[in-house]
Amino acid sequence: LNLLGQHLDNLHDLCESTLVGRKLDVDLRLSALTLEDGADLVKQWRLDVDVAIKLTQELEKNLLTRPRPRGHQITVLEAVRRRLDDTPTESAPIDALFERVVDRCRGLYGETRWADPTLELDEEYRHSASWDDSYGVSAQTPGARSETPHRRVQVSFDPLHFGPATYAALAYLLIHECVCHAGSGHQGADLESPFAEGFLDYAARHLLPVWVDQVAPEFPAAALRHGLRFADVVLHRRGMSPARSVGLNAASTVENWFQRRRGWDRERCRRQVTHLAVELNQSSLELSVKETFVSLLFGEPSPELGDALDEYLSTADVVTRADVLLRKVQQLGGAA
Amino acid sequence: VKASKEREVLLTAAVLRDFVPAQVCAYCTADEPTVRAVLQAHPGLFREYTRAGSDSTQSGSRRWEVISADRLEQELVEPDTPEGTAGPDTAHNRSRLSPIADDAQERRRFAEELLINSEPDADPERRSASARLATTYLRQYLAELAGARSRWWNGVVETVEPPPDVRGALLLAELIIASATGSPVVQELVGSLNDWAEENTTTTSTDPAMSPATGPATRPPTGPVTSPDHETASQLLLTAQQELARHLPSPSSGAVDLRTRVDLSDQGNGQ
């Protein structure tokens with residue numbers, strides 16, 4: 001605490017760019033200390049003191065030249081990635097993490113229905129002062145399947161908040177993007193959608209602890225802890241759309257309904273809801289119908305919706321059962 | 001194979017019903033050889049087959065299917081299974097799962113939040129998505145308030161239309177939302193509103209202060225509605241509120257009061 005106090009005192013005397021650099025250096029170290037397996041993470045990341053100092057210097061150099069010209073290629077992130085690579089052929093840790101998530105999704109959605117997305121990184125994310133999180137990262141997967149053969153997962157970092165905790169949270173973030181957005185069968189953007197951002201996020205949250213050992217074998221505990229924390233941080237960010245919480249509540253409603261109706265244990269119910277979410281997402285029917293499904297789960301499912309869910313559960317035909325359910329939903333909800 | 005892994009595989013197989021082993025792996029921590037071993041150890045529950053048929057993306061693949069769902073369910077019954085640690089952290093969600101006292105109010109609140117949170121400088125796709133969602137939830141809110149839920153929203157939609165008076169209010173509300181959020185469906189809604197006005201002129205235009213589609217006397221009493229600017233949208237909001245006050249059973253129980261939350265006269269789309 002004394003060290004932290006001295007650090008804060010020093011910050012007042014520093015010019016902006018130096019302040020930013022020092023802050024990053026200290027943040028990196030403090031963040032690493034807060035991780036249960038921080039030492040391993042730092043080792044994996046090779047963020048030893050020397051690298052942190054060099055990174056700080058590079059960051060200062062970048063910030064001193066602000067505003068950066070358009071098309072500026074050497075971003076802080078790229079500098080980080082380059083430093084993390086032992087050889088040019090070795091993929092950077094972030095890419096490796098992404099590839100493992102994609103590999104799991106290929107199994108989840110099936111080889112024939114899944115197209116590997118690509119990963120793009122930038123540092124355009126700007127941390128909002130009103131948000132009480134320290135992760136400084138966001139992501140989106142724009143575009144419809146029909147527009148491009150491969151979807152792009154775009155991850156934006158805020159260099160000022162880029163630390164080991166951010167890296168640890170990436171496992172969840174990438175799982176969310178791939179499970180909720182990259183695997184969708186509907187066309188068009190699904191921003192602010194309670195189905196895509198909420199109902200499917202239930203699946204992402206369920207799969208994180210199941211996948212974490214394979215996706216982030218070097219730091220599973222940190223990835224799980226920061227992933228779930230980050231998921232909740234996003235859920236409660238001020239000014240964010242309520243779509244995510246509405247969709248999550250709808251998924252929990254189904255989970256509880258399964259438990260009461262079928263007498264299944266909690267784990268079975270969670271898997272069933274997760275698979276339901278994935279199958280609905282794969283359907284090529286319009287997103288609006290999927291959103292209607294979520295909207296009908298604001299409270300207890302109606303008897304008609306209950307019947308439709310029962311029919312879904314008792315249908316073995318995996319090719320058509322999700323579509324059948326959605327068509328029933330379309331009738332029940334009067335979807336536009 | 002450990003008992004916990006075996007149970008995981010059986011549980012997942014029961015959920016999937018028809019699958020390839022890689023799919024089972026995606027839902028649990030077992031690897032593919034383990035999955036195959038478990039499946040082969042239960043010949044009475046599963047069978048391996050080659051899919052044929054019209055689905056070209058799936059045909060020819062070696063798959064497994066559950067052949068005795070009842071027996072598999074029996075196999076999975078475990079008394080008083082404790083909360084698994086592998087599931088999502090739904091403590092927060094469960095705390096919100098208490099029966100919602102008033103579904104209608106929740107829907108309205110959600111629609112309002114969507115509008116309030118829709119940033120004026122957001123990209124068109126995002127604004128359009130917000131408009132679409134707000135419309136869905138507001139429609140359901142209004143229908144529920146009007147007592148139409150059982151017949152229209154939750155019933156057989158092909159044969160039962162919402163009551164005409166509610167439909168007018170709905171269209172107005174939708175138009176306001178679309179206008180406020182810059183949604184491209186404005187023109188379409190204007191057309192629908194004009195159709196509604198035409199259909200209902202003979203029955204409701206006897207009230208001089210409430211000409212259909214155009215609202216009270218402050219609006220032009222006749223003529224089609226045109227694509228509204230913000231000023232017109234603001235006026236439409238007033239009209240909608242009066243329509244709702246006239247037609248809905250209890251304004252105090254939740255008539256749409258968006259004006260206090262969404263200032264449509266503001267240049268920035270009022271969010």
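Excluded from the calculations below are hydrogen atoms, water molecules and symmetry mates; all remaining heavy atoms, backbone and side chain alike, are included. Sequence lines set the chain letters: A, B, ... in the order given, protein chains first and strands last, and positions in each chain run from 1.
- Contact annotation: the side chain of B:R63 approaches that of A:V318 to within less than 4.5 Å [non-hydrogen atoms, C-beta and beyond].
- Each of A:Q272, A:H275, A:E111, A:R262 has some count of heavy-atom pairs under 4.5 Å with chain B, and the biggest count is that of A:H275.
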Taking distance alone, no hydrogens or angles, what donor-acceptor pairs closer than 3.5 Å link side-chain atoms of residues 102-109 of chain A to residues at least two apart or in another chain?
unit_1: A:D103; atom_1: OD1; unit_2: A:R106; atom_2: NH1; d: 2.9
unit_1: A:R104; atom_1: NH2; unit_2: B:C25; atom_2: O; d: 2.8
unit_1: A:R104; atom_1: NH2; unit_2: B:C28; atom_2: O; d: 3.3
unit_1: A:R106; atom_1: NE; unit_2: A:D116; atom_2: OD1; d: 3.3
unit_1: A:R106; atom_1: NH2; unit_2: A:D116; atom_2: OD1; d: 3.4
unit_1: A:R106; atom_1: NH2; unit_2: A:D116; atom_2: OD2; d: 2.9
unit_1: A:Y109; atom_1: OH; unit_2: A:V179; atom_2: O; d: 2.5
unit_1: A:Y109; atom_1: OH; unit_2: A:N281; atom_2: ND2; d: 2.9

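- Between A:V210 and B:Y27, every side-chain heavy-atom pair lies at or beyond the 4.5 Å cut-off.
- A salt bridge between A:R321 and B:D18 is absent, with no side-chain N of the basic residue lying under 4.0 Å from a carboxylate O of the acidic one.
- For the atom pair A:W211 CH2 and B:T29 OG1, the distance stands at 13.0 Å (nearest 0.5 Å).
- Both the backbone and the side chain of B:A14 come within less than 4.5 Å of a heavy atom of chain A.
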Full working for salt bridge (charged side-chain N to carboxylate O under 4.0 Å, His left out) between A:R271 and B:E8: CA-CA 10 Å; A:R271 273 169 208 263; B:E8 231 188 330; 3.5 Å; yes
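- In this structure, no portion of A:V273 lies under 4.5 Å from any heavy atom of chain B.
- Contact check on A:E267 versus B:R7 returns no salt bridge, with no Lys/Arg side-chain nitrogen under 4.0 Å from an Asp/Glu carboxylate oxygen.
- Expressed to the nearest 0.5 Å, how far CZ of B:R17 lies from CG of A:D317 amounts to 10.5 Å.
- For A:T320, no part lies under 4.5 angstrom from a heavy atom of chain B.
- If you measure heavy-atom distances from A:V212 to chain B, you find no contacts under 4.5 Å at all.
- The contact between A:Q214 and chain B is made entirely by side chain atoms (from C-beta outward), counting heavy-atom distances below 4.5 Å.
- For A:L313, the part lying under 4.5 angstrom from a heavy atom of chain B is the backbone only.
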